[in-house]
Amino acid sequence: MELQFRETKTLWEGALEQPAVAYRGTETVLASIGEPFQWADGEMLGGNWKQPVGGNRFYLVQLAFTLSPRGNIKVTSSDFCLTLGRQGDKKAVVFDAFPREQTITTDDSVTLGIGPDFKFGTTDASLAKAEAKFDLGSVIPVVHVEGLHEPKLCWRYSAHAKYPLTGSRRMVAILSLPDGMKTARATLELTVNAEGRFGPIRVSTPETEQDRLRWVVGEK
């Protein structure tokens, strides 16, 4: 079964801000965060899907953000974080993510497979066993992740001399909801470190915009 990525609409866009005080002037970082899309486990695996032991449900989510520095600004790093809320003693976790760990740049087109264990694979051997495949397109990240199998996961991007941290980045993750937890509240956050004429700055999505950066994972 081949999954097709959907055209991303904008969930939020604007200027990233320093905590508590808006960063003003010609040097700033404009950003946008794409509207998330999700596929349930049955959509991913089609007729091969069977209810996992333990009753957990799995969801594939497509995420994206775009950075547009203005003025004499050079982005040095960016953190894009996904946080899942709890319901009582039940908690959802990020089961797998891509990109996950890449310390060298690449502009090769990447095809991912999702196996019956709900994990991503990119090698020929793992793709041969995949139940669902999709083309992620060309990616050029220098990135690592923190938070696998936890309610909060962050993709941490670093600038490369050849490929500056501007433009769009696209990510996918598989989320696991325990039995009895039909939905989970998800929140996105983008934080950027940059160098300007007057030294380093650290800016992030405004606190006043948090409601627009929340969405629901799962089936009501």
Side-chain angles (χ1 to χ4, degrees), residues 1-12 32-65 80-100 109-123 126-137 139 145-155 168-190 210-220:
M1 181 180 181
E2 185 165 349
L3 301 175
Q4 297 293 328
F5 273 112
R6 302 171 185 173
E7 181 180 354
T8 301
K9 299 179 181 179
T10 300
L11 180 70
W12 173 87
S32 62
I33 295 176
E35 179 183 351
F37 290 107
Q38 61 179 298
W39 294 263
D41 39 23
E43 295 177 277
M44 283 188 272
L45 304 187
N48 295 322
W49 177 75
K50 295 181 180 179
Q51 181 78 26
V53 176
N56 283 40
R57 295 297 305 272
F58 295 85
Y59 296 87
L60 169 68
V61 295
Q62 169 191 330
L63 306 171
F65 70 89
F80 187 70
C81 298
L82 165 64
T83 303
L84 302 172
R86 303 173 64 104
Q87 290 182 10
D89 61 347
K90 297 182 183 296
K91 64 178 181 180
V93 299
V94 182
F95 191 71
D96 203 2
F98 185 89
R100 185 166 54 204
S109 183
V110 175
T111 299
L112 289 180
I114 305 172
D117 57 355
F118 294 103
K119 291 188 176 182
F120 294 121
T122 57
T123 65
S126 61
L127 287 178
K129 301 177 182 178
E131 302 289 351
K133 301 178 184 178
F134 56 95
D135 185 358
L136 194 64
V139 293
V145 302
E146 295 178 2
L148 281 174
H149 289 206
E150 298 177 17
K152 180 176 182 178
L153 181 134
C154 294
W155 285 271
S168 298
R169 296 289 184 273
R170 188 162 62 181
M171 299 133 290
V172 287
I174 293 178
L175 314 181
S176 175
L177 276 62
D179 186 29
M181 187 177 184
K182 293 185 176 181
T183 62
R185 178 68 62 87
T187 304
L188 299 174
E189 182 181 10
L190 177 61
Q210 286 302 303
D211 285 345
R212 293 179 59 187
L213 295 169
R214 295 189 179 100
W215 46 289
V216 176
V217 177
E219 301 173 347
K220 296 181 179 180

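Everything quoted here is computed from the prediction, not taken from an experiment. Heavy atoms only: backbone and side chains are in, while hydrogens, waters and symmetry mates are out.
How far CZ of Phe58 is from CG of Leu175: 10.0 Å, rounded to the nearest 0.5 Å. Taking CG of Asp96 as the start and NE2 of His149 as the end, the distance is 6.5 Å to the nearest 0.5 Å. To the nearest 0.5 angstrom, Leu188 atom CG is 12.5 Å from Arg212 atom CZ. To the nearest 0.5 Å, atom CZ of residue Phe80 and atom CZ of residue Arg169 are 12.5 Å apart.
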Between Thr10 and Ile33, does a side-chain contact (heavy atoms from CB on, under 4.5 Å) hold up when you go through it step by step?
CA-CA 6 Å; Thr10 300; Ile33 295 176; over 6 Å; no

With side-chain contact (heavy atoms from CB on, under 4.5 Å) as the test, would you mind laying out the steps for Thr187 and Gln210 before giving the verdict?
CA-CA 8 Å; Thr187 304; Gln210 286 302 303; 3.6 Å; yes

Show your reasoning for whether side-chain contact (heavy atoms from CB on, under 4.5 Å) applies to Val216 and Arg185.
CA-CA 5 Å; Val216 176; Arg185 178 68 62 87; 4.2 Å; yes

Could you walk me through whether Arg57 and Asp41 pass the side-chain contact (heavy atoms from CB on, under 4.5 Å) test, one step at a time?
CA-CA 7 Å; Arg57 295 297 305 272; Asp41 39 23; 2.7 Å; yes

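Side-chain contact check for Pro36 versus Leu82: every heavy-atom pair is 4.5 Å or farther apart. Side-chain contact between Val217 and Gln38 is present, with heavy atoms from C-beta onward closer than 4.5 Å. Between Pro178 and Lys91 the shortest side-chain heavy-atom distance does not fall below 4.5 Å. Side chains of Leu148 and Leu153 form a contact here, defined as non-hydrogen atoms less than 4.5 Å apart.
Residue Tyr59 comes nearest to Gly218 through the heavy atom pair CZ-CA, 3.6 Å, listed as atom of the first residue, atom of the second, then distance. Closest approach of Trp155 and Ala97 over heavy atoms only: CZ2-CB, 3.8 Å. Closest approach of Asn56 to Asp179, counting heavy atoms only: OD1-N, 4.0 Å. The two residues Val94 and Ala173 come nearest to each other via the heavy atoms CG1-CB, 4.2 Å. Phe65 approaches Met171 most closely through the heavy-atom pair CD2-CE, 3.6 Å.
Other residues, nucleotides and ligands contribute only 12 or fewer heavy atoms inside 6.0 Å of the NZ atom of Lys152. No more than 12 heavy atoms of other residues, nucleotides or ligands sit less than 6.0 Å from atom CZ of Arg100.
Applying the salt bridge (charged side-chain N to carboxylate O under 4.0 Å, His left out) rule to Asp89 yields no partners; only residues at least two apart in sequence or on another chain are considered. Taking Ala184 as the reference, Ala92, Leu177, Met181 meet the side-chain contact (heavy atoms from CB on, under 4.5 Å) condition, with sequence neighbours excluded.
Checking side-chain atoms of Gln62 against main-chain N and O of Trp39 turns up no donor-acceptor pair under 3.5 Å.
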